[in-house]
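I have placed the structure first, in the form of structure tokens, so that the comments after it can refer back to it.
All values reported here derive from a predicted model rather than from experimental measurement.
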Amino acid sequence: MFASLRVRNYRLFFSGQVVSNIGTWMQRIAQDWLVFELSGNNPIALGIAVALQFTPTVLLSLWAGVLADRVDKRKLCILIQSGIGVQALVLGLLNVTGLVALWQVYLLCFVLGIFSALDVPARQSFVAEMVGRKQIPNAVALNSSVFNMARIVGPAIAGFAITWVGTGWMFLANAASTLAVITGLALMDPDKLFRGPVVERAKGQLREGLTYVRGRADLMTVMVLVFFVSTFGITFFTSLAIVAGNVFGTEADGYGLLSTLLAVGTFTGSLMAARRMTKGGPRVRLLLISAFALGAVEFAAAFMPSYLAFGIALIPLGFATITFLNTANSLVQTAVSPEMRGRVMGIYVLVLIGGNPVGGPMVGWMADAFGGRSPFYIGGVVSALAAVACAAVLARRGGLAKGYRLAGLRVLSRKAA
């Protein structure tokens, strides 16, 4: 289960992530609640904040992938983490001094989105350089376990701490937590990294990455499914705050508890994924099954009659969600050539997060127009239907012509089809 931790460079990265991710989740809970407070519990305002945070992904993630293929990923990650720390520090100082206004939060959400758009392709493609190709699935799963352990600890701390000291100190704590990542990256031994071929600066590299993905039916299937599920199904950052405040009438601690229950499922799922990935590579079948399960459980959760029943339903929902995301990430990273990994991960990040500028306001609008439960049952239906449609496409193509095997399922390249 912990095979990747034998690698010293990855241990340093992993340790920093443990601290930083807790700070990140504290900031996410605090940011949502701060927007809620400043806007008078307006779900549309929360949707706007989400849209502003994720809009830079649409604009920058493809170019961020090109940048990740061209430069030293370790040094790039250090610069990006420094910027994230400064953003959190500024927002925290504005908040604790009582000067914060809603427009300032919006602006800093956009600034954070810029750094996040640069961070994800660089950080995720850097995983392969730390552990080598064979350990990628295990390392991806362990990263998720840290991320989701933080989803248990961070919201639980933030939910209660906000009621005691306010939201501002959560931002300051996150600013301090970025130092753990920067320190781990600085202490790494660059000579022991599994670096891919250096990609020299040249025209057409972004187009080359798009053409590469478009010519791979396996990658295209993953990208399409991830787009629909992440845009319509995985909207919990916005929808949980709405359900907690507007459906069940709880305060910040109630929102934090719902986030923690969701994280119990995702943490359990990520640990099981780490164990599973030591026994074999990611499978397309698991990707399709987990996407359908995510949609079905999310639909059922929407109709839970009480706060407790809804919270318990979030545990299997979290399990299905992280299984889907881990499998998709591992499939993409193990299926591409090293010199294309940054660009392909940039495209993956675009389809994973790029729908949020639409999904965030959409969730706020649905909750305002049809009730706070509507993002769950609508998102569940869309996710399940997307899984069924992608499974049908793969089954049809696999039966028409000779294909190649990817992770245990016959799929066809565009050329073969």
Side-chain angles (χ1 to χ4, degrees), residues 20-21 23-40 42-68 76-77 79-97 99-124 154 158 167-168 170-175 177-178 181 227 230-231 234-242 345-365:
S20 179
N21 277 312
T24 297
W25 278 104
M26 291 171 65
Q27 170 155 333
R28 287 186 177 182
I29 298 298
Q31 179 179 290
D32 287 349
W33 206 254
L34 178 61
V35 171
F36 235 35
E37 287 181 335
L38 293 175
S39 65
N42 187 342
I44 295 178
L46 190 56
I48 292 172
V50 173
L52 287 170
Q53 184 168 329
F54 291 107
T55 294
T57 299
V58 178
L59 304 176
L60 299 175
S61 62
L62 294 179
W63 294 106
V66 175
L67 181 65
L76 179 60
C77 288
L79 290 174
I80 293 169
Q81 287 298 315
S82 300
I84 291 173
V86 171
Q87 183 273 347
L89 178 63
V90 171
L91 184 53
L93 291 175
L94 286 171
N95 200 347
V96 297
T97 56
L99 300 175
V100 69
L102 186 59
W103 71 267
Q104 295 169 336
V105 180
Y106 284 162
L107 176 62
L108 288 167
C109 282
F110 187 77
V111 172
L112 178 60
I114 293 174
F115 287 116
S116 297
L118 298 173
D119 173 63
V120 180
R123 176 167 43 83
Q124 294 201 356
T167 53
M170 305 305 102
F171 301 117
L172 296 178
N174 184 42
S177 74
T178 59
V181 180
F227 173 79
S230 64
T231 301
I234 308 176
T235 60
F236 312 131
F237 303 130
T238 306
S239 54
L240 277 185
I242 294 170
M345 290 310 297
I347 298 169
Y348 175 77
V349 172
L350 176 62
V351 300
L352 176 66
I353 303 177
N356 280 280
V358 175
M362 177 191 66
V363 167
W365 172 79

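- From C77, atom SG reaches atom CD1 of I84 across 9.5 Å, with rounding to the nearest 0.5 Å.
- For the side-chain contact (heavy atoms from CB on, under 4.5 Å) criterion with V35, the lone passing option out of V50, L102, N42 is L102.
- Here the closest heavy-atom approach between residue P121 and residue S61 is recorded as CG-O, 4.1 Å.
- L112 places a side-chain heavy atom less than 4.5 Å from the side chain of Q27.
- Remark: D119 CG to I80 CD1 distance equals 5.0 Å, nearest 0.5 Å.
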Starting from the C-alpha separation in whole Å, work towards a yes-or-no answer on side-chain contact (heavy atoms from CB on, under 4.5 Å) for Q31 and M170. CA-CA 9 Å; Q31 179 179 290; M170 305 305 102; over 6 Å; no
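- A pairwise comparison of heavy atoms in T231 and T235 identifies O-CG2, 3.4 Å as the closest pair.
- In terms of heavy atoms, W25 sits closest to G154 at CB-CA, 4.1 Å.
- With S230 contributing its side chain and L352 its backbone, the two residues share a donor-acceptor pair below 3.5 Å.
- Taken to the nearest 0.5 Å, the CZ atom of F115 stands 11.0 Å off from the CG atom of L60.
- Note that the CD atom of Q104 and the CG atom of L91 stand 8.5 Å from one another [nearest 0.5 Å].
- Residues I114 and Q87 fail the side-chain proximity criterion, which asks for heavy atoms closer than 4.5 Å.
- When all heavy atoms of A175 and G85 are compared, the pair lying nearest together is CB-O, 3.4 Å.
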Applying side-chain contact (heavy atoms from CB on, under 4.5 Å) to L240 and D32, what does each step give before you reach the verdict? CA-CA 10 Å; L240 277 185; D32 287 349; over 6 Å; no
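- Contact record, A122 with L76: CB-CD2, 3.7 Å, taken as the closest heavy-atom pair.
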F171 and L89: side-chain contact (heavy atoms from CB on, under 4.5 Å), yes or no, with the steps? CA-CA 6 Å; F171 301 117; L89 178 63; over 6 Å; no
Show your reasoning for whether side-chain hydrogen bond (donor to acceptor under 3.5 Å, both in side chains) applies to T24 and N21. CA-CA 5 Å; T24 297; N21 277 312; 4.6 Å; no
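- With no hydrogens or angles considered, a side-chain donor-acceptor pair links S177 and N174 at under 3.5 Å.
- Closest approach of T97 and L93 over heavy atoms only: OG1-O, 2.6 Å.
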CA sep, side-chain torsions, deciding dist, call: W365, I44, side-chain contact (heavy atoms from CB on, under 4.5 Å): CA-CA 6 Å; W365 172 79; I44 295 178; 5.6 Å; no
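- Put simply, CG on L38 and CH2 on W33 are 12.5 Å apart, with the number rounded to the nearest 0.5 Å.
- Here the side chains of Q124 and Y348 are in contact, with some heavy-atom distance below 4.5 Å.
- Put simply, OG1 on T167 and CG on L34 are 4.5 Å apart, with the number rounded to the nearest 0.5 Å.
- Inter-residue side-chain proximity for V105 and N95 is flagged as unmet; no heavy-atom pair is nearer than 4.5 Å.
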